[in-house]
2 protein chains.
Amino acid sequence: MNRFLGHVTNRIDAKGRVSVPAQFRSIIQTAGHTELYALRSLHLPALDVGGPELLTRFDKRLGQEDPFAETADDMSFYLHADGGFLKLDGDGRITVSDFIREHTGISGDVTFAGANTHFQMWHPDQFEAHRTKVRERLAEKRRQGELSVPAGGS
Amino acid sequence: MNRFLGHVTNRIDAKGRVSVPAQFRSIIQTAGHTELYALRSLHLPALDVGGPELLTRFDKRLGQEDPFAETADDMSFYLHADGGFLKLDGDGRITVSDFIREHTGISGDVTFAGANTHFQMWHPDQFEAHRTKVRERLAEKRRQGELSVPAGGS
DNA sequence: TGGGGCACTATGGGCGTCAATGGGACTAGA
DNA sequence: TCTAGTCCCATTGACGCCCATAGTGCCCCA
């Protein structure tokens with residue numbers, strides 16, 4: 001399966017390293033990459049991480065904006081200044097830099113959460129809090145009949 | 001028959017594994033899959049489980065949402081981060097992870113319940129309680145004449 | 001119609017592999 | 001020379017893969 005799915009929590013060691021879950025790693029390595037592109041999420045205390053093509057994908061969207069509009073400037077700044085690369089070491093670990101810690105509050109453990117085309121890095125507590133909120137919002141929508149379960153068929 | 005019907009309770013062994021009922025397994029294996037997609041039910045202490053196409057079906061639903069709205073983000077998080085794959089071993093068993101135990105309260109035994117296009121995993125007691133409640137609700141509705149049972153045929 | 005045997009499922013357990021983690025040593029830059 | 005980053009290796013615990021066994025239902029045949 002070539003999608004990022006599920007979530008795992010790993011420990012940061014004394015040297016500030018943390019193992020990227022093997023399942024996620026294999027997806028990236030299958031694509032032939034040894035680097036990760038990380039971006040601070042706009043509205044969540046989490047990091048969006050993926051292979052280098054993640055940046056490409058965002059860049060493409062940026063290209064569709066009017067280059068003279070303020071939005072394009074903002075997006076470009078956001079992508080290139082507020083994002084960065086993370087190097088995978090030989091054992092599939094990355095170093096948790098201040099760039100990561102500041103935005104996410106991560107200190108001792110990291111929760112890696114799948115997001116289909118990429119994955120996210122969270123402070124375990126923040127992740128749990130967000131999960132609870134998301135479930136509440138969706139349950140509410142469901143109660144209001146705004147969410148219909150897709151019809152089966154097989 | 002390619003529908004999930006009935007319910008069975010199986011034991012979790014010392015290694016935390018439990019056999020998926022052969023009846024359910026055969027439906028999934030007939031489709032050529034060795035993986036299961038599991039999702040924590042929004043309103044029940046149960047897991048919704050099915051073949052990978054279950055995720056595809058939900059993904060399709062997600063595609064109908066406005067990608068910039070909060071609901072789309074929530075749904076993606078719910079589907080991709082709060083859901084995950086369960087691997088079937090050579091004997092048709094899955095390991096019951098904390099991911100499952102936390103949400104369902106499952107510890108020693110698991111009740112597998114058919115749900116037509118997919119099936120559910122329950123703590124036996126919770127399942128029994130839910131079953132009783134559902135029957136009561138339906139009986140009440142019927143008493144109020146809100147439920148008409150279609151005439152049987154065949 | 002009853003008995004024997006076959007097929008299959010659920011369950012238990014051994015064992016090898018791999019992932020996660022910890023730590024030492026080397027290198028380069030300050 | 002000291003520090004930070006990298007590379008490499010060791011440990012351990014979890015998990016996948018394999019085989020064994022027991023219980024059960026079904027079928028066939030006498």
- Query: Any ion pair linking Asp74(B) and Lys133(A) (charged N to carboxylate O, less than 4.0 Å)?
  - Reply: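 Here Lys133(A) does not pair with Asp74(B) in a salt bridge, since their nearest N and O are not under 4.0 Å apart.
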
- Hey, is Glu140(B) close enough to Arg137(B) for a salt bridge, meaning N to O under 4.0 Å?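 So Glu140(B) does not pair with Arg137(B) through a salt bridge.
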
- Under a 4.5 Å cut-off applied to non-hydrogen side-chain atoms, are Leu55(B) and Leu5(A) in contact?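 Answer yes - side chains close enough.
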
- How about Thr9(B) and Val110(B): do any of their side-chain heavy atoms sit closer than 4.5 Å?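 Contact flag for Thr9(B)/Val110(B) side chains = no.
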
Please report, rounded to the nearest Å, how far the [atom2] atom of [N] is from the [atom1] atom of [X].
| X | N | atom1 | atom2 | result |
| --- | --- | --- | --- | --- |
| Asp98(B) | dC15(D) | CG | C1' | 14 Å |
| Ile100(B) | dC15(D) | CD1 | P | 11 Å |
| Ile94(B) | dT11(C) | CD1 | C1' | 15 Å |
| Lys87(B) | dT17(C) | NZ | C1' | 13 Å |
| Leu88(A) | dC7(D) | CG | P | 11 Å |

- Pair Asp109(A)-His123(A), side-chain donor/acceptor within less than 3.5 Å: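 No, no side-chain donor-acceptor pair sits under 3.5 Å.
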
- Side chains of Thr117(B) and Arg57(B): do they bring a donor and an acceptor to under 3.5 Å?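 Indeed, the side chains of Thr117(B) and Arg57(B) share at least one donor-acceptor pair under 3.5 Å.
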
- Arg11(B) atom CZ, over 12 foreign heavy atoms within 6.0 Å: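 Not more than 12 within 6.0 Å, no.
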
- Item | Divergence of helical axes at both termini of the helix from dT1(C)-dA30(D) to dA30(C)-dT1(D) - five pairs an end, 10° steps |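 End-to-end axis angle for the helix from dT1(C)-dA30(D) to dA30(C)-dT1(D): 20°, rounded to 10°.
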
- Item | Per-nucleotide protein contact string for nucleotides 19-30 of chain C (B base, S sugar-phosphate only, - none; heavy atom under 4.0 Å) | SSBBBBB-----

- Message: Has His43(B) got a side-chain atom pairing as donor or acceptor with Arg142(A)'s backbone, closer than 3.5 angstrom?
- Response: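 Checked: no pair found.
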
